[in-house]
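Structure first, commentary second.
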Amino acid sequence: MKLFAERGLDGTSIRDIARESGYTNPALYKHFASKEELALHLFETCHRRLWTKCHTAITAGTDFEDKLDGYISAVLGLVDAHPEAMAFLSENARILWPKSGAAVRQHTMIGLARSLMRTAQRPSRNGRRIQDDVAAASLQGTLAELTRMLQVGVIPGPAIQWKVELVALFRKIAA
């Protein structure tokens with residue numbers, strides 16, 4: 001994971017993975033037919049953990065504010081605890097998501113964000129409301145970009161220090 005996060009899929013060889021993990025090339029090939037199969041396994045495992053943690057945070061909340069706070073805390077907590085995994089997910093989603101199994105693809109982060117934002121959507125003063133997909137994309141996009149900014153050092157970490165501002169921002173969007 002560390003190598004894929006640092007070098008990308010193309011920049012990482014099975015030999016690099018074997019060296020870093022302490023296994024031989026043949027030992028890795030006993031478990032995975034290719035580097036791509038290993039990358040897909042890691043991607044699916046990381047995505048399931050992220051989705052499960054965020055889903056749990058949403059279902060544990062009693063109202064929109066609790067759910068929003070829990071969701072943002074879950075994402076930022078994972079960014080702080082597992083930066084390589086979060087970078088790997090973000091950087092490789094375009095390539096690996098379509099190859100993921102149906103059980104993984106039915107549990108999307110945008111779907112979670114959409115369900116979260118729907119719990120708060122009320123007509124605004126002028127009678128219109130933000131479309132659910134736009135609100136969900138705003139939430140996911142903001143979290144993803146904040147993560148990238150942390151990863152490249154544009155803003156200081158830890159990620160969790162940005163929670164209060166993010167929660168306040170998405171309360172305003174949802175209101």
Determine yes or no for a side-chain-to-main-chain donor-acceptor pair under 3.5 angstrom, with [X] supplying the side chain and [Y] the backbone.
| X | Y | answer |
| --- | --- | --- |
| Lys35 | Ser13 | no |
| Thr59 | Thr56 | yes |
| Ser115 | Leu112 | yes |
| Asn92 | Gly8 | no |
| Trp162 | Pro156 | yes |
| Ser138 | Val134 | yes |
| Asp80 | Pro158 | no |
| His47 | His107 | yes |
| Glu44 | Gly101 | yes |

Step-by-step side chain to side chain contact (heavy atoms under 4.5 Å, CB included) determination, Phe4 to Ile17 = CA-CA 9 Å; Phe4 286 141; Ile17 295 166; 3.6 Å; yes
Can you find a pair of side-chain heavy atoms, one from [X] and one from [Y], that are under 4.5 Å apart?
| X | Y | answer |
| --- | --- | --- |
| Ile72 | Asp69 | no |
| Arg48 | Thr45 | yes |
| Glu36 | Leu9 | no |

Could you tell me the separation between the [atom1] atom of [X] and the [atom2] atom of [Y], rounded to the nearest 0.5 Å?
| X | Y | atom1 | atom2 | value |
| --- | --- | --- | --- | --- |
| Phe170 | Leu143 | CZ | CG | 6.5 Å |
| Leu166 | Tyr71 | CG | OH | 12.0 Å |
| Phe32 | Leu38 | CZ | CG | 5.0 Å |
| Arg171 | Glu65 | CZ | CD | 5.0 Å |
| Leu42 | Phe88 | CG | CZ | 5.0 Å |
| Thr142 | Glu165 | OG1 | CD | 12.5 Å |

Looking at every non-hydrogen atom in both residues, tell me the closest pair between [X] and [Y] and how far apart they are.
| X | Y | value |
| --- | --- | --- |
| Glu37 | Ser34 | N-OG, 3.0 Å |
| Cys46 | Ala85 | SG-CB, 3.9 Å |
| Leu40 | Lys99 | CD2-O, 3.6 Å |
| Ala87 | Ala5 | CB-CB, 4.4 Å |
| Ser73 | Lys163 | OG-CD, 2.9 Å |
| Ala39 | Leu96 | O-CD1, 3.8 Å |

task = Walk me through it: do Met109 and Leu50 pass the test side chain to side chain contact (heavy atoms under 4.5 Å, CB included)?
result = CA-CA 8 Å; Met109 293 305 296; Leu50 170 63; 3.8 Å; yes
Side chain to side chain contact (heavy atoms under 4.5 Å, CB included) between Met117 and Ile173, intermediate numbers included = CA-CA 9 Å; Met117 296 310 286; Ile173 288 173; 4.3 Å; yes
task = Consider only side-chain heavy atoms of I, L, V, M, F, W and Y, link residues closer than 4.5 Å, and tell whether Val79 and Ile155 are in one cluster.
result = yes
ask   = Could you go step by step and tell me if Val104 and Trp97 meet the side chain to side chain contact (heavy atoms under 4.5 Å, CB included) rule?
value = CA-CA 9 Å; Val104 171; Trp97 182 258; 3.8 Å; yes
task = Might you confirm whether atom CZ of Arg105 has over 12 heavy atoms from other residues, nucleotides or ligands at distances under 6.0 Å?
result = yes
task = Answer yes or no: are there more than 12 heavy-atom neighbours, outside Asp10 itself, under 6.0 Å from its atom CG?
result = no
Thr12-Asp16 side chain donor-acceptor pair, cut-off 3.5 Å = no
remark   = Which of Asp133, Thr108, Asp132 passes side-chain hydrogen bond (donor to acceptor under 3.5 Å, both in side chains) with Arg114? It is Asp133
